[in-house]
Amino acid sequence: MNFDLTADQKHWRDLARDFAQSEIRPHAESLDRERKFPHDIISEMSKLGLMGLTLPEEYGGSGGDFVGYNLALEEISRADTSVGITMEAHISLGCAPIAAYGTQEQKERFLAPCATGEKLWAFGLTEENAGTDAGGTETTAELRDGEWVVDGSKKWITNSGTDITAGVTAIAKTGERESGKPELSAIIIPQDTPGFTRGPSYEKLGWRAADQHPLYFEDCHVPEENLLGERGRGFRQFLQTLDAGRVAVAALSVGLAQACLDEALARAVERRQFGKFISEFQAVQFKLADMAMEIELARNMVLKAAWLRDEGRSFGREASMAKVFASEAAKRAADQAVQIWGGEGFMETSAVARYWRQVKINEIGEGTSEINRQIIARSLLSESAEEAKENMVAQ
Ligand SMILES: Cc1cc2nc3c(=O)[nH]c(=O)nc-3n(C[C@H](O)[C@H](O)[C@H](O)COP(=O)(O)OP(=O)(O)OC[C@H]3O[C@@H](n4cnc5c(N)ncnc54)[C@H](O)[C@@H]3O)c2cc1C
């Protein structure tokens, strides 16, 4: 096996690390406190090619591979997960489906302005009554005289209301199948479409500098050619979109876990009690060792899933495994980092308190831990025990 990164992958990781440590980390506390969308940072990341890292070069993207993207995302999230999720939602949720399923005309019109990161694109699936159960989508799109007429609403949609948001791809019910199940399709809705409005942003536990809004569609008309992919394939497209998104959320979790270890190590060698540095106590050493082991494992799971995707192989089970393990490892890391910081870690001014607040969402967004465990178990139960082992070890 070869664990070495390619020159390109190293380039993206190092570029992201340098930028994140010098330009993001120093502002993470104030961005969170002021709940301010980081326009300047996103604009700089766009100039560096980070906001279009995996998107096709012919439309202005950077053409990087999925491993390089996840390495970069880890570094950005290590500095601030609000910036990390802004990058992830834009690339994996907003733009990747247009790159994968869009017509050439759609790519020219909608992807090209976003593939550099100059504009952002959002992905709207979740609704009041359709969270984990996306089949419960109530937003409708009816084809009338060559136009889709969209009615309904969406909830918590990332990057949907910034000054540079160009639009959203919304999952809508376009009919009913013979089985009685809804026919779901993806519709491209530009930001300035009459009848498309956004509600105020939310009061959140974390990701406070990231942008989420409820969206409302009222008699909202878009041309028939704004259908993304095939009619009735919206659900399948969305599942494929989420597989890749899960690897990326796992990378984001690894970045946050690493930030917790960074802070824990720094405190352990600086804080003295009983005349010693607390790093000299075995109880503290074991916490540091456990954090490091879990981060190492989570990072390897992310990279394996990302590598499988780059190789064009099946990676859904590995994506779910990486997402569950990395998000839960990050939660444990945040908890132990606060413990090592003691009372100082309970203060809002400490970075670890911020990490402790921010970490929870990773177990919820882009598929909860429960649903990902179901995906893993279902895939195991569809194979013999030997096949399951074979497929996990030697892909
Ligand atoms: C900050 C933020 C940003 C987001 N950004 C976006 C975005 O950009 N686009 C978008 O479309 N969505 C977005 N979401 C929505 C997110 O993807 C959902 O929150 C997530 O899918 C879970 O849905 P829910 O919150 O409605 O939970 P629910 O579906 O209500 O689940 C509640 C609990 O029930 C459990 N549960 C549900 N069904 C089952 C089952 N069958 N078996 C076992 N347990 C089950 C869940 O695991 C969970 O623990 C965002 C959410 C947040 C908070």
Side-chain angles (χ1 to χ4, degrees), residues 32 35 37 77 80-98 114 120-139 150 152-162 165-173 184-189 191 198-217 228 234-235 237-246 248-250 252-253 256 319-320 323-324 327-328 331 357-378:
D32 176 79
R35 293 164 156 73
F37 185 80
S77 306
D80 185 27
T81 53
S82 283
V83 180
I85 192 60
T86 302
M87 174 179 168
E88 191 275 337
H90 171 66
I91 295 177
S92 292
L93 300 183
C95 293
I98 305 181
C114 295
L120 296 179
W121 198 268
F123 177 77
L125 170 74
T126 306
E127 300 183 1
E128 194 56 44
N129 294 315
T132 304
D133 178 14
T137 297
E138 289 168 350
T139 295
V150 186
S153 63
K154 296 285 169 186
K155 193 176 178 185
W156 297 323
I157 307 306
T158 303
N159 291 336
S160 62
T162 73
T165 300
V168 64
T169 304
I171 299 291
K173 194 173 155 183
L184 298 177
S185 306
I187 313 283
I188 293 174
I189 308 178
Q191 199 76 338
R198 291 148 291 275
S201 59
Y202 302 94
E203 292 288 321
K204 291 165 290 184
L205 193 59
W207 287 357
R208 288 181 174 168
D211 176 85
Q212 280 92 16
H213 298 265
L215 311 182
Y216 305 106
F217 309 104
L228 180 63
F235 194 66
Q237 289 171 19
F238 131 79
L239 290 179
Q240 282 168 356
T241 300
L242 279 192
D243 274 348
R246 280 168 187 157
V249 172
L252 188 147
S253 302
L256 182 49
S320 288
K323 162 81 162 63
V324 173
S327 60
E328 295 182 1
K331 189 174 69 176
R357 279 195 282 102
Q358 289 177 342
V359 78
K360 184 64 198 170
I361 185 64
N362 297 338
E363 291 176 276
I364 298 169
E366 295 187 45
T368 62
S369 289
E370 290 79 8
I371 282 309
N372 279 296
R373 280 193 166 84
Q374 273 179 25
I375 294 170
I376 298 164
R378 259 189 226 136

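Count residues from 1 along the sequence. One-based numbering, in listed order, for ligands and for the atoms of each. Owing to the predicted nature of the structure, the values given are computational and were not obtained by experimental measurement.
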Undergrad: Which residues satisfy the salt bridge (charged side-chain N to carboxylate O under 4.0 Å, His left out) test with Arg378, sequence neighbours excluded?
TA: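 Applying salt bridge (charged side-chain N to carboxylate O under 4.0 Å, His left out) to Arg378 gives none.
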
Undergrad: Distance to 0.1 Å, residue and atom name: give those for the protein heavy atom nearest to atom 49 (O) of ligand 1.
TA: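 Residue, atom and distance for the closest contact: Glu370 OE1, 3.5 Å.
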
Undergrad: Could you walk me through whether Val168 and Ser160 pass the side-chain contact (heavy atoms from CB on, under 4.5 Å) check?
TA: CA-CA 7 Å; Val168 64; Ser160 62; 5.7 Å; no

Undergrad: Determine whether any protein heavy atom is located less than 4.0 Å from atom 13 (C) of ligand 1.
TA: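 Under the 4.0 Å cut-off, atom 13 (C) of ligand 1 does have protein heavy-atom neighbours.
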
Undergrad: Heavy-atom distance to atom 1 (C) of ligand 1: which of Tyr202, Trp207, Phe238, Trp156 wins?
TA: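 Nearest heavy atom to atom 1 (C) of ligand 1 lies in Trp207.
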
Undergrad: Nearest 0.5 Å, please: how far is CZ in Arg198 from CD in Gln191?
TA: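 It comes to 3.5 Å.
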
Undergrad: Restricting to non-hydrogen atoms, name the atom on Leu125 and the atom on Lys154 that form the minimum distance, rounded to 0.1 Å.
TA: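 Of all heavy-atom pairs spanning Leu125 and Lys154, the closest is O-NZ, 3.0 Å.
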
Undergrad: Does some non-hydrogen atom of the protein lie less than 4.0 angstrom from atom 33 (C) of ligand 1?
TA: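 No, no protein heavy atom sits under 4.0 Å from atom 33 (C) of ligand 1.
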
Undergrad: CG of Leu205 to NZ of Lys360: how many Å apart, nearest 0.5 Å?
TA: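 Atom-to-atom, Leu205:CG and Lys360:NZ are 10.0 Å apart.
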
Undergrad: Can you confirm whether something in the protein, heavy atoms only, sits under 4.0 Å from atom 46 (C) of ligand 1?
TA: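 Within 4.0 Å of atom 46 (C) of ligand 1, protein heavy atoms are found.
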
Undergrad: Does Glu328 have any salt bridge (charged side-chain N to carboxylate O under 4.0 Å, His left out) partners at least two apart in sequence or in another chain, and if so, which?
TA: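 Partners of Glu328 by the salt bridge (charged side-chain N to carboxylate O under 4.0 Å, His left out) criterion, ordered by chain and then number, come out as Arg373.
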
Undergrad: Which residue supplies the protein heavy atom nearest to atom 39 (C) of ligand 1, what is that atom called, and how far is it?
TA: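 Here the closest protein heavy atom is Ile371 CD1, 4.2 Å.
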
Undergrad: Return a yes/no value for Gly367: is any of its N or O atoms, backbone included, closer than 3.5 angstrom to an N or O of ligand 1?
TA: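 No - when backbone and side-chain N and O of Gly367 are compared with those of ligand 1, no distance drops under 3.5 Å.
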
Undergrad: Examine Leu125 against ligand 1 and note whether any of their N/O atoms are separated by less than 3.5 Å.
TA: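 Yes; the residue has a nitrogen or oxygen that sits under 3.5 Å from a nitrogen or oxygen of the ligand.
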
Undergrad: Quick check for you: to the nearest 0.5 Å, what is the distance between Cys95 atom SG and His90 atom NE2?
TA: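 Rounded to the nearest 0.5 Å, the SG-NE2 separation comes to 3.5 Å.
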
Undergrad: Checking side-chain contact (heavy atoms from CB on, under 4.5 Å) between Trp207 and each of Asp80, Val83, Asn362, Asp32, which is the one that passes?
TA: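 For Trp207, the side-chain contact (heavy atoms from CB on, under 4.5 Å) check succeeds only for Asn362.
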
Undergrad: NZ/Lys323 to CD/Glu366 distance, rounded to the nearest 0.5 angstrom?
TA: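 Those atoms lie 7.5 Å apart.
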
Undergrad: Are any non-hydrogen protein atoms located under 4.0 Å from atom 30 (O) of ligand 1?
TA: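 Given the 4.0 Å cut-off, atom 30 (O) of ligand 1 does not count as touching protein heavy atoms.
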
Undergrad: Does the N or O separation between Lys204 and ligand 1 drop below 3.5 Å for any pair?
TA: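 For ligand 1, there is no N or O atom that lies under 3.5 Å from one belonging to Lys204.
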
Undergrad: Got a protein heavy atom sitting under 4.0 Å from atom 7 (C) of ligand 1?
TA: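 So atom 7 (C) of ligand 1 has protein heavy-atom neighbours under 4.0 Å.
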
Undergrad: Number the atoms of ligand 1 from 1 as they appear, then name those within less than 4.0 Å of a heavy atom of Phe123, with their elements.
TA: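 Within the 4.0 Å cut-off of Phe123, ligand 1 contributes 7 (C), 8 (O), 9 (N), 10 (C), 11 (O).
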
Undergrad: Answer with yes or no whether Gln374 contacts ligand 1, where contact means a heavy atom under 4.0 Å from a ligand atom.
TA: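 Contact present.
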
Undergrad: Which one of Thr132, Ile171, Asp133, Ile361 has a non-hydrogen atom at the shortest distance from atom 27 (O) of ligand 1?
TA: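 When every heavy atom of Thr132, Ile171, Asp133, Ile361 is considered, Thr132 comes closest to atom 27 (O) of ligand 1.
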
Undergrad: Is Lys331 salt-bridged to Glu363, going by a charged N under 4.0 Å from an acidic O?
TA: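 Here Lys331 pairs with Glu363 in a salt bridge, since their nearest N and O are under 4.0 Å apart.
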
Undergrad: Considering all heavy atoms of both residues, which atom of Ile375 and which atom of Arg246 are nearest to each other, and what is their separation?
TA: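 Looking at all heavy atoms of both residues, the closest pair is CD1-NH1, 3.3 Å.
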
Undergrad: For atom 48 (C) of ligand 1, which protein heavy atom lies nearest, and how many Å away is it?
TA: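 For atom 48 (C) of ligand 1, the nearest protein heavy atom is Thr368 CG2, 4.1 Å.
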
Undergrad: Which of the atoms of ligand 1 are close to Glu366, meaning less than 4.0 Å from one of its heavy atoms?
TA: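 Numbered from 1, ligand 1 contributes 17 (O).
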
Undergrad: Considering only protein heavy atoms, which is closest to atom 26 (O) of ligand 1, and at what distance to one decimal place?
TA: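 In this structure, atom 26 (O) of ligand 1 has Gly131 CA, 3.2 Å as its nearest protein heavy atom.
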
Undergrad: Rounded at 0.5 Å granularity, tell me how far OG1 in Thr158 sits from NE2 in His213.
TA: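 Atom-to-atom, Thr158:OG1 and His213:NE2 are 9.5 Å apart.
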
Undergrad: Polar-atom distance check: Thr158 versus ligand 1, any N or O pair below 3.5 Å?
TA: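 Yes, at least one N or O pair falls under 3.5 Å.
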
Undergrad: Between Thr126 and ligand 1, find which residue part has any heavy-atom pair under 4.0 Å and reply side chain, backbone, both or neither.
TA: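 For Thr126, the contact with ligand 1 is made by both the backbone and the side chain.
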
Undergrad: For ligand 1, which atoms have a heavy atom of Ile157 less than 4.0 angstrom away?
TA: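 Near Ile157, the atoms of ligand 1 are 7 (C), 8 (O), 9 (N), 10 (C), 11 (O).
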
Undergrad: Quick check: closest heavy atoms across Leu228 and Ile98, and the distance to 0.1 Å?
TA: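 So the two residues come closest at CD1-CA, 4.0 Å.
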
Undergrad: For ligand 1, which atoms, with element, lie under 4.0 Å from some heavy atom of Ile364?
TA: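 Answer, ordered by atom number: 19 (O), 20 (C).
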
